[in-house]
Amino acid sequence: MAAAGTLLLHVPESPAAAPRTLSGPRQAQARRQAEATKRKHQASSEAPPAKRRNEASFLPAKKAAAKETQRTFKGKAQKTFSLKKSLVGVSDGTREQKPCVRTSSLFKNNPEIPELHRPVVKQVQEKVFTSDAFHELDLHPHLISTINTVLNMTSMTSVQKQSIPALLEGRDALVRSQTGSGKTLAYCIPVVQSLQAMKSKIQRSDGPYALVLVPTRELALQSFNTVQKLLKPFTWIVPGVLMGGERRKSEKARLRKGVNILISTPGRLVDHIKSTKNIHFRRIQWLILDEADRILDLGFEKDITVILNAINAECQKRQNVLLSATLTEGVTRLADISLLNPVRISVLDEHRGQSDPKGRAVPEASPLPAGAEPDSFAIPESLDQHVTLVPSKLRLVSLAAFILQQCKFEKDQKMIVFFSSCELVEFHYHLFLQTLQSRSGAPASGPLPSASTPLKFLRLHGNMEQEERTAVFEEFSHSKTGVLLCTDVAARGLDLPQVTWIVQYNAPPSPAEYIHRIGRTARIGCHGSSLLILAPSEAEYVNLLASHKINISEIKMEDILSVLTRDDCFKGSRWGSQKSRAAGPQEIRERATVLQTVFEDYVHSSSRRVSWAKKALQAFIRAYATYPRELKHIFHVRSLHLGHVAKSFGLRDAPQNLSVAAVKRRKANLNRPDLHKKTQSKHRLAEILHSEFSSGMEASVAKVKKQNKHAEPGSQPRSTVCNRRPASAVGKTEKCPQ
Ligand SMILES: Nc1ncnc2c1ncn2[C@@H]1O[C@H](COP(=O)(O)OP(=O)(O)OP(=O)(O)O)[C@@H](O)[C@H]1O
């Protein structure tokens with residue numbers, strides 16, 4: 001096998017490059033044939049309605065060549081090109097026969113990329129900062145000095161300016177402001193101020209006065225840290241966090257001693273309500289639901305009901321606060337249940353001059369101002385959003401090229417890449433670790449690039465041991481560079497400093513989740529960028545985003561792939577000594593093929609790795625099948641071309657045992673029996689959404705063990721398939737971590 005760096009390639013010329021002159025009837029016949037071929041491809045699953053012109057040089061038109069029959073999810077036989085070729089290289093103008101390289105024809109038979117007619121919409125914007133200082137508020141001087149000196153903050157953000165006075169007045173509130181605008185302090189400051197000011201001094205043994213519910217363990221830890229800092233001068237008020245993992249015993253002990261401000265994920269709290277005698281809610285004065293729309297998702301409904309019932313049974317009067325960057329119907333639904341005459345605080349309103357003259361919150365009784373549709377979300381002004389359309393076969397190399405472009409050839413870049421499931425995170429993490437990052441794990445085809453800026457990959461998902469989750473969270477928080485591959489476990493609320501790029505490799509299930517994912521960058525006025533990777537057949541998603549006033553500009557796939565010409569590890573010998581030569585489409589194609597070959601060689605270097613890649617592909621298809629009904633016209637599993645998608649998992653051929661029916665059967669087996677009966681897609685979606693929020697107490701959930709980073713993937717059952725068991729088996733709602 002040739003080394004990657006010296007791989008010799010010959011990518012066959014397109015017909016356009018070597019036209020044959022035809023005349024008369026033959027010409028007409030050839031034209032008819034060409035038209036028929038074109039129609040066939042237009043009808044293929046990923047073919048878009050409108051075709052992009054001027055792409056022919058990069059994505060050559062389909063042509064007759066050695067064909068093989070490949071299965072698609074439509075069950076139709078589809079012609080495609082042979083995936084295995086003898087590649088012949090040309091070096092310094094001399095043709096020479098080179099070793100056979102088993103690789104795919106990445107640039108053939110792809111659906112054409114549609115022209116993206118993206119509607120330009122005016123994004124909803126908010127002003128982040130105000131000129132008002134914290135000391136202008138009626139707060140305890142020690143609290144103000146803590147904010148100034150410990151947190152290093154002087155001016156309030158817009159949401160803080162509106163929320164803090166309203167909450168100090170004792171009002172229930174529904175708070176919406178863009179991601180990274182300081183909502184955590186908007187509720188933490190009033191809570192601390194009110195509790196330290198209580199006439200009869202709070203005792204630890206009193207138990208909780210404030211309960212803060214957040215959707216993920218990392219967010220619980222983060223909010224706990226903020227509360228802890230604010231409480232520095234008020235040592236008699238004790239904060240506590242319940243976040244799952246291995247700490248059940250110590251959590252119980254802490255609850256027994258007493259916690260006054262309790263921060264928890266819903267599932268974990270329900271576990272304690274059911275199993276810990278010492279937990280009570282007699283003195284609850286605050287109930288805060290951060291990321292309220294997520295907490296009220298279907299997946300959390302049961303837990304929230306248990307928690308509300310437990311609180312209501314012991315205490316009727318309290319202040320309720322719901323916060324989120326995305327105000328959705330779900331929030332309103334819970335608002336009906338638990339909010340008493342709430343104020344609706346929306347920074348957007350103030351920015352549009354809709355708040356009252358004092359800049360105070362608009363009361364709930366008043367309807368949302370005209371033009372402020374509930375599903376138009378504010379996006380940080382300093383966030384540049386991009387989309388790229390990439391055919392399935394080219395997804396993996398495009399993602400890798402983008403990571404190289406930003407994190408190897410640019411300085412001080414910190415990137416988060418979102419995937420649809422933990423299996424996908426695991427797959428890409430190990431693949432990139434062993435090919436892009438690690439020399440020692442270089443594939444059979446030879447050593448890989450030594451990075452000019454060393455690449456560092458981390459991963460975070462709900463199927464990891466809590467200890468490692470926390471360690472990764474801390475490491476990525478404190479590091480200046482790196483690429484975090486993750487599921488939506490990191491989408492909500494996490495405040496990871498200096499993240500410069502958000503990449504969404506799999507589109508999120510809703511525009512709201514899109515907002516939260518991209519919201520991990522461009523926080524509190526900083527600059528950031530995002531890239532959404534879509535297949536040509538998914539181009540319509542851009543219009544969906546536009547209908548939510550989300551403006552997104554296109555980056556061409558060629559521009560992403562062209563970075564490979566800067567990396568000599570990916571050159572075919574055709575370009576051997578011609579360093580100064582400008583990169584043309586042909587060279588880019590060749591280098592992308594070299595990179596794909598590196599991935600394929602790695603995956604095919606052992607049968608275990610092949611089956612590992614197949615499982616990841618299966619997981620992708622399963623996740624794809626869970627897009628909500630209203631998005632099925634964009635993301636339908638039937639529109640996936642199995643052979644092409646397999647390429648993006650480094651597989652040379654489409655797995656034989658995968659079909660729609662097989663995937664559905666497998667999914668049915670994995671689902672909870674009680675969900676079987678109600679097969680509505682919303683429940684399947686709920687399962688996926690729920691995944692991150694397991695309390696950590698389920699015995700049956702297989703965990704990814706902390707292990708040597710360079711361990712052979714697939715060498716142990718690393719729960720590439722979620723291990724779902726009947727709820728009865730674990731005595732509670734079973735959740736499958738992503
Ligand atoms: N007044 C302020 N001055 C300077 N920095 C602030 C201020 N308030 C908050 N921050 C910082 O802004 C960052 C974002 O705050 P926070 O995490 O509370 O945002 P958020 O609105 O809750 O975001 P999300 O919607 O993503 O959960 C944090 O690093 C926080 O420390």
Side-chain angles (χ1 to χ4, degrees), residues 126-137 139 143-144 146-164 173-192 212-216 218-230 263 288-295 321-328 331 345-348 377-383 414 416 418 473 476-478 488-499 502 508 512-528 530:
E126 296 176 0
K127 195 169 151 234
V128 178
F129 278 105
T130 68
S131 52
D132 299 32
F134 283 105
H135 65 73
E136 292 171 45
L137 294 171
L139 299 175
L143 182 53
I144 292 173
T146 304
I147 295 168
N148 294 160
T149 57
V150 178
L151 299 180
N152 258 330
M153 297 169 191
T154 47
S155 316
M156 284 183 275
T157 65
S158 302
V159 69
Q160 291 161 357
K161 182 188 163 187
Q162 290 197 45
S163 307
I164 296 171
L174 194 60
V175 181
R176 179 186 65 181
S177 73
Q178 69 186 22
T179 50
S181 58
K183 290 188 287 296
T184 313
L185 282 179
Y187 71 80
C188 286
I189 291 174
V191 168
V192 171
V212 181
L213 293 176
V214 297
T216 63
E218 286 71 22
L219 187 51
L221 192 61
Q222 186 180 288
S223 308
F224 170 73
N225 288 336
T226 304
V227 171
Q228 214 175 20
K229 283 180 190 157
L230 285 181
I263 298 141
I288 317 277
L289 302 187
D290 197 2
E291 307 298 340
D293 55 330
R294 170 44 74 89
I295 284 185
V321 186
L322 278 62
L323 307 100
S324 176
T326 47
L327 184 66
T328 64
V331 180
I345 291 165
S346 171
V347 173
L348 166 69
F377 309 121
I379 293 172
E381 214 170 346
S382 50
L383 206 167
K414 204 165 154 184
I416 301 180
F418 284 99
F473 174 59
F476 192 69
S477 287
H478 294 115
D488 277 335
V489 74
R492 290 268 181 164
L494 293 195
D495 188 53
L496 298 157
Q498 296 166 324
V499 173
I502 303 296
E513 292 320 300
Y514 173 91
I515 296 286
H516 288 281
R517 284 179 174 187
I518 62 169
R520 294 319 97 207
T521 187
R523 298 175 72 73
I524 206 82
C526 293
H527 187 266
S530 69

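Both counts, for ligands and for their atoms, begin at 1 and track the order of listing. For the numbers below, each heavy atom of this structure counts, side chains included, while hydrogens, waters and symmetry mates do not. All residue numbers in this chain count up from 1 along the given sequence.
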Give me the residue, atom name and distance of the protein heavy atom closest to [atom].
atom                    : value
atom 21 (O) of ligand 1 : K183 NZ, 2.8 Å
atom 2 (C) of ligand 1  : M153 SD, 3.5 Å
atom 8 (N) of ligand 1  : Q160 NE2, 2.8 Å
atom 17 (O) of ligand 1 : R523 NH2, 3.0 Å
atom 1 (N) of ligand 1  : S155 O, 2.8 Å

> Among V321, I263, I295, V214, whose side-chain contact (heavy atoms from CB on, under 4.5 Å) with D290 holds?
Replying inline: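 Only one option passes, and that is V214.
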
Looking at every heavy atom in both [X] and [Y], which two are closest together, and how far apart are they?
X    : Y    : result
R176 : S346 : NH2-OG, 3.2 Å
T521 : G528 : OG1-CA, 3.2 Å
L494 : R523 : O-CZ, 3.7 Å
I144 : H135 : CD1-CA, 3.6 Å

>> Could you work out, for atom 14 (C) of ligand 1, the closest of D495, I515, I524 by heavy-atom distance?
In response: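 Looking at heavy atoms only, D495 sits closest to atom 14 (C) of ligand 1.
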
> Donor-acceptor pair, S155 side chain versus D132 backbone, under 3.5 Å?
Replying inline: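 No, the answer is negative, given that no donor and acceptor are paired below the 3.5 Å cut-off.
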
> Is a donor on one side and an acceptor on the other found under 3.5 Å between the side chain of K127 and the backbone of V347?
Replying inline: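 Flag not set: sc K127 to bb V347 has no pair under 3.5 Å.
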
Atoms of ligand 1 close to [X] [distance to a heavy atom under 4.0 angstrom, numbered from 1]:
X    : answer
F129 : 2 (C), 3 (N), 4 (C)
F134 : 1 (N)
Q178 : 21 (O)
S181 : 19 (O), 20 (P), 21 (O)

>> For ligand 1, which is the ligand I care about here, please tell me if E291 has any N or O atom under 3.5 Å from one of the ligand's N or O atoms.
In response: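 Right, the criterion is met.
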
Which bit of [X] is near ligand 1, meaning a heavy atom under 4.0 Å away: side chain, backbone, both or neither?
X    : value
R520 : side chain
A186 : neither
T184 : both

> How many angstroms lie between atom CG of L289 and atom CG of L322, to the nearest 0.5 angstrom?
Replying inline: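 Rounded to the nearest 0.5 Å, the CG-CG separation comes to 4.5 Å.
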
